[in-house]
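Comments concern the structure below.
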Amino acid sequence: MSKSDQNFIAAAESRWITLLFDIYVRTLFRRRFKYVRVDLHYQPGPENKSIYYLNHTSWWDGLIPLILNRKIFRQNARAMMEDKQMKKYPFFKKLGAFSVNTDDTASALPSLRYAAESLQRSRSALYIYPEGKIMPFTTKPDFKKGLGWISNQCPAADVVPIGIFMHTARYDKPELFIRIGKPVAADHSLDSGTLNEVFELEMGNLLRNLKKDAYHYPDRFKAI
């Protein structure tokens, strides 16, 4: 077993811990945000498998997949989480998170393989932040290489961009806006690097419109 395999932290889901943490997270979001608003353009069916990729601009992003899965998608979900954060918050493995080393491509391979294997489960979903770390909001994201590889390993899975944006333009408490886009038409004849660029472009377009609509057209979003 390689050192990277030994350092890998697998998911170890607990139904009861997930239920209790879900109650805590919903309460936390109600207290800290004026509104949580969602614009939904994708709803998986019973046979769908889904890869959700999200931009990463704040600490709150780690909790958003739980909210989305429990309130909207209700899939058999797992999420990739930076190994440093997994070691700091080990209980996240009970919620379906597993570790990834974002600093070294070779060390990330066990995580990528585990992600692809997880998507073989019935009604499975994977949440991934392909920027790899918290970055300032931008409409030109720069992804690490894993997303395209996972998509090519799991060609039947829908690849769905999710944009996250928050602001305090109208209230003293922030409003959180989430746009769930349509599945990207992924051409699996492309190599993983080129496919990654396609996903970057789709995310950039989604974020550009999300930012505009969050300021000017909040009624396009539904409060949850």
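Position 1 is the first residue of the sequence; numbering continues from there.
Across F98 and S111, no two heavy atoms sit closer than the pair CE1-O, 3.6 Å. The nearest pair of heavy atoms linking Q43 to I72 is NE2-O, 3.3 Å. Listed here is the closest heavy atom pair of M80 and A115: SD-CB, 4.5 Å. Heavy-atom minimum distance, L112 versus G146: CD2-CA, 3.8 Å. Residues V159 and S151 come closest through the heavy atom pair CG2-OG, 3.6 Å. What you find for G204 and P141 is that their closest heavy atoms are CA-CD, 4.0 Å.
Counting heavy atoms from C-beta on, the side chains of K87 and I9 come closer than 4.5 Å. Taking the side chain as every heavy atom from C-beta outward, L207 and F165 never approach each other to under 4.5 Å. Between P130 and K144 the shortest side-chain heavy-atom distance does not fall below 4.5 Å. Counting only heavy atoms from C-beta outward, the side chains of T139 and L210 never approach each other to under 4.5 Å. Side-chain atoms of V160 and V184, non-hydrogen and from C-beta on, never get closer than 4.5 Å to each other.
By the salt bridge (Lys or Arg N to Asp or Glu O under 4.0 Å) test, E200 pairs with no residue at all, sequence neighbours left out. For Q75, the side chain to side chain donor-acceptor pair (under 3.5 Å) partners are S50, Y52, not counting sequence neighbours. Considering only residues two or more places apart in sequence or on other chains, D61 meets the salt bridge (Lys or Arg N to Asp or Glu O under 4.0 Å) condition with none of them.
For the residue pair R121/N76, the side-chain donor-acceptor check at 3.5 Å is satisfied.
By the criterion of side-chain heavy atoms lying less than 4.5 angstrom apart, applied directly or through intervening Ile, Leu, Val, Met, Phe, Trp or Tyr residues, Y24 is grouped together with L176 in one hydrophobic cluster. No continuous path of hydrophobic side-chain contacts links L195 to L201 [ILVMFWY only; heavy atoms under 4.5 Å]. L66 and L20 fall into different hydrophobic clusters, where Ile, Leu, Val, Met, Phe, Trp and Tyr side chains are chained together by heavy-atom contacts under 4.5 Å. In this structure, W59 is not a member of the same hydrophobic cluster as M135, with clusters built from ILVMFWY side-chain heavy atoms closer than 4.5 Å. Placement of Y35 and L40 in two distinct hydrophobic clusters is found when ILVMFWY residues are connected by side-chain heavy-atom separations under 4.5 Å, directly or transitively.
The stretch residues 166-179 participates, sequence neighbours left out, in these salt bridge (charged side-chain N to carboxylate O under 4.0 Å, His left out) pairs: R37-E175, D39-R179, R170-E175, R179-D213. Within the structure, salt bridge (charged side-chain N to carboxylate O under 4.0 Å, His left out) pairs that include any residue of residues 17-35 comprise D22-R26, D22-R70 (at least two apart or interchain).
Grouping Ile, Leu, Val, Met, Phe, Trp and Tyr by side-chain contacts under 4.5 Å, direct or through others, puts W16 with L19.
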Item to complete: Decide salt bridge (Lys or Arg N to Asp or Glu O under 4.0 Å) for R78 and E13; before the verdict, give the C-alpha distance in whole Å, the side-chain angles of both, and the deciding distance to 0.1 Å.
Response: CA-CA 9 Å; R78 285 179 173 165; E13 291 93 336; 2.6 Å; yes

Worksheet item: Please walk me through it: do I67 and V25 pass side chain to side chain contact (heavy atoms under 4.5 Å, CB included)?
Response: CA-CA 8 Å; I67 290 281; V25 168; 3.6 Å; yes

Discussion item. One pair to check against side chain to side chain contact (heavy atoms under 4.5 Å, CB included): D83 and V100. What are the steps and the verdict?
Written reply: CA-CA 5 Å; D83 55 352; V100 59; over 6 Å; no

Practice prompt. Assess whether side chain to side chain contact (heavy atoms under 4.5 Å, CB included) is satisfied between L119 and I51, documenting all intermediate values.
Written response: CA-CA 8 Å; L119 284 165; I51 302 170; 3.7 Å; yes

Practice prompt. Walk me through it: do K211 and F177 pass the test side chain to side chain contact (heavy atoms under 4.5 Å, CB included)?
Written response: CA-CA 9 Å; K211 182 178 180 180; F177 293 85; over 6 Å; no

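Y89 and F91 have perpendicular rings, their planes meeting at more than 60° on a 0 to 90° scale where under 30° would count as parallel. Under the 30°/60° scheme for interplanar angles, the aromatic rings of F92 and F21 are found to stand perpendicular. Aromatic ring orientation, F29 versus W60: perpendicular (interplanar angle above 60°, classes split at 30° and 60°).
Atoms CD1 and CD1, on I180 and I162 in that order, are 5.0 Å from each other to the nearest 0.5 Å. Rounding to the nearest 0.5 Å gives a distance of 8.5 Å between CD of E82 and CD1 of I134. Taking CG of N7 as the reference point, atom CG of N101 lies at 8.0 Å (rounded to 0.5 Å). The distance from the CD atom of E131 to the CG atom of L147 is 11.5 Å, given to the nearest 0.5 Å. Note: N55 CG to I164 CD1 = 5.0 Å, rounded to the nearest 0.5 Å. We find the CE-OG1 distance between M166 and T57 to be 5.5 Å, quoted to the nearest 0.5 Å.
Remark: side-chain polar atoms of H167 are paired, donor with acceptor, to backbone N or O of A214 under 3.5 angstrom. The backbone N or O of G45 lies less than 3.5 Å from a partner atom in the side chain of R123, making a donor-acceptor pair.
With a 6.0 Å radius and a threshold of 12 heavy atoms from other residues, nucleotides or ligands, K93 has its NZ atom at or below the threshold. A 6.0 Å sphere centred on OH of Y171 holds more than 12 heavy atoms belonging to other residues, nucleotides or ligands. Sparse packing is recorded around CD of E47, with 12 or fewer heavy atoms of other residues, nucleotides or ligands lying under 6.0 Å away. Surrounding NZ of K84 are more than 12 heavy atoms belonging to other residues, nucleotides or ligands, all under 6.0 Å away.
In this structure, Y53 has its ring center no closer than 6.0 Å to that of Y129. For an aromatic pair to be called close, the ring centres must be under 6.0 Å apart, and F8 with Y114 satisfies this.
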